[in-house]
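To start, I am sharing the structure in question, which I have written as structure tokens.
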Amino acid sequence: MDKISKEILFSKDAIQKRVRELADQISKDYEGKELIVIGILKGAFIFMADLIREISIPCRVDFARLASYGAGSESSGKVVMTKDIETSIKDKDILIVEDILDTGLTMQYLVDWLEERNPRSLKICVFLDKRKRRKVSFEADYVGFTIEDGFVVGYGLDFNEKYRFSPDIYVIKQ
Ligand code: PRP
């Protein structure tokens, strides 16, 4: 496993710069409002922790846990919610924060789930957007970086639970 080679895609510095830009844009767009930020566990917690500390408007946070089960680099495509949010979102402004938008199946599931609770607004912020693999037509409102196909790890993203805590983002070469 440790023999897998990986190539750096985004350095810690590049990530930090882009997170600040996203936070500035979000703070501007929601000026005068309060935001409920919902992170999708597990992958999003690192990006969310960085983003939230750069956002200048008042925020509350909550988490949902969604997983598309399957080991290795291919997801099964079946999304399961194993932890729901605990906050009432009716008539509130909601921002979903996610590490990566890939097929879009996870996000589609969550958006449908949350829309039923009638938030005032619902937007999506993803750090990485892997557009080529999309299976449902879905656009995020805020995107850190758009990437090509390829298995990425680090900054919350794992490969069989490894590399999740790397401060840089890598592409795995198998
Ligand atoms: C990853 C990622 C997203 C999802 C995106 O989660 O964090 O939630 O896949 O893929 P999709 O657009 O194809 O649905 P994963 O299921 O690996 O769980 P984890 O965040 O706990 O690692």
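Just so you know, ligand 1 is whichever comes first in the structure, and atom 1 is the first atom listed for that ligand. Position 1 is the first residue of the sequence, and the numbers go up from there.
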Checklist entry - Any Lys/Arg nitrogen of D84 or R117 sitting under 4.0 Å from an Asp/Glu carboxylate oxygen of the other? => result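 R117 and D84: salt-bridged.
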Checklist entry - If you take all heavy atoms of S56 and S27, which pair is closest and at what distance? => result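 Taking S56 first and S27 second, the nearest heavy atoms are N-OG, 3.0 Å.
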Checklist entry - Relative to the heavy atoms of T106, which atoms of ligand 1 are at a distance of less than 4.0 Å? => result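 Answer, ordered by atom number: 4 (C), 5 (C), 8 (O), 10 (O), 11 (P), 14 (O).
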Item to check | Residue R65 vicinity, atoms of ligand 1 by number, heavy atom under 4.0 Å | outcome: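 Near R65, meaning under 4.0 Å from one of its heavy atoms, ligand 1 has 21 (O).
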Item to check | Residues R18, E21: salt bridge by 4.0 Å N-O rule | outcome: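 A salt bridge is present here (some side-chain N lies under 4.0 Å from a carboxylate O).
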Checklist entry - Side chain, backbone, both or neither: which part of E98 has a heavy atom under 4.0 Å from ligand 1? => result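 For E98, the contact with ligand 1 is made by the side chain alone.
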Checklist entry - In terms of side-chain geometry, is the basic nitrogen of D93 or R120 positioned less than 4.0 Å from the acidic oxygen of its partner? => result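 Here D93 pairs with R120 in a salt bridge, since their nearest N and O are under 4.0 Å apart.
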Checklist entry - Which atoms of ligand 1 are found less than 4.0 Å from any heavy atom of I100? => result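 Atoms satisfying the 4.0 Å criterion: 2 (C), 3 (C), 5 (C).
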Next on the checklist: Applying a heavy-atom cut-off of 4.0 Å, say which part of V79 lies close to ligand 1: side chain, backbone, both or neither.
Outcome noted: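 Neither; no heavy atom under 4.0 Å.
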Checklist entry - Thinking salt bridges, do E139 and R131 make one under a 4.0 Å N-O criterion? => result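 So E139 pairs with R131 through a salt bridge.
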Checklist entry - Does an N or O from G104, backbone or side chain, lie closer than 3.5 Å to an N or O of ligand 1? => result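 By distance alone, the answer is yes.
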Checklist entry - How does D99 reach ligand 1, if at all, at less than 4.0 Å between non-hydrogen atoms: by side chain, backbone, both, or neither? => result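 The answer is the side chain of D99.
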Checklist entry - Can you list the atoms of ligand 1 that are under 4.0 Å from a heavy atom of T103? => result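 Ligand 1 atoms under the 4.0 Å threshold to T103: 11 (P), 12 (O), 13 (O), 14 (O).
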Item to check | Region of R164 that comes within reach of ligand 1 [heavy atoms, distance under 4.0 Å] | outcome: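 Side chain only.
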Item to check | Backbone or side-chain N or O of L101 under 3.5 Å from ligand 1 N or O | outcome: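 Between L101 and ligand 1, no N or O pair is found under 3.5 Å apart.
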Checklist entry - Does the ring centre of F159 sit less than 6.0 Å away from the ring centre of F151? => result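 They qualify: ring centres under 6.0 Å apart.
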Checklist entry - Between D158 and R164, does at least one N-O distance fall below 4.0 Å, as a salt bridge requires? => result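 Salt bridge flag = yes for R164 with D158.
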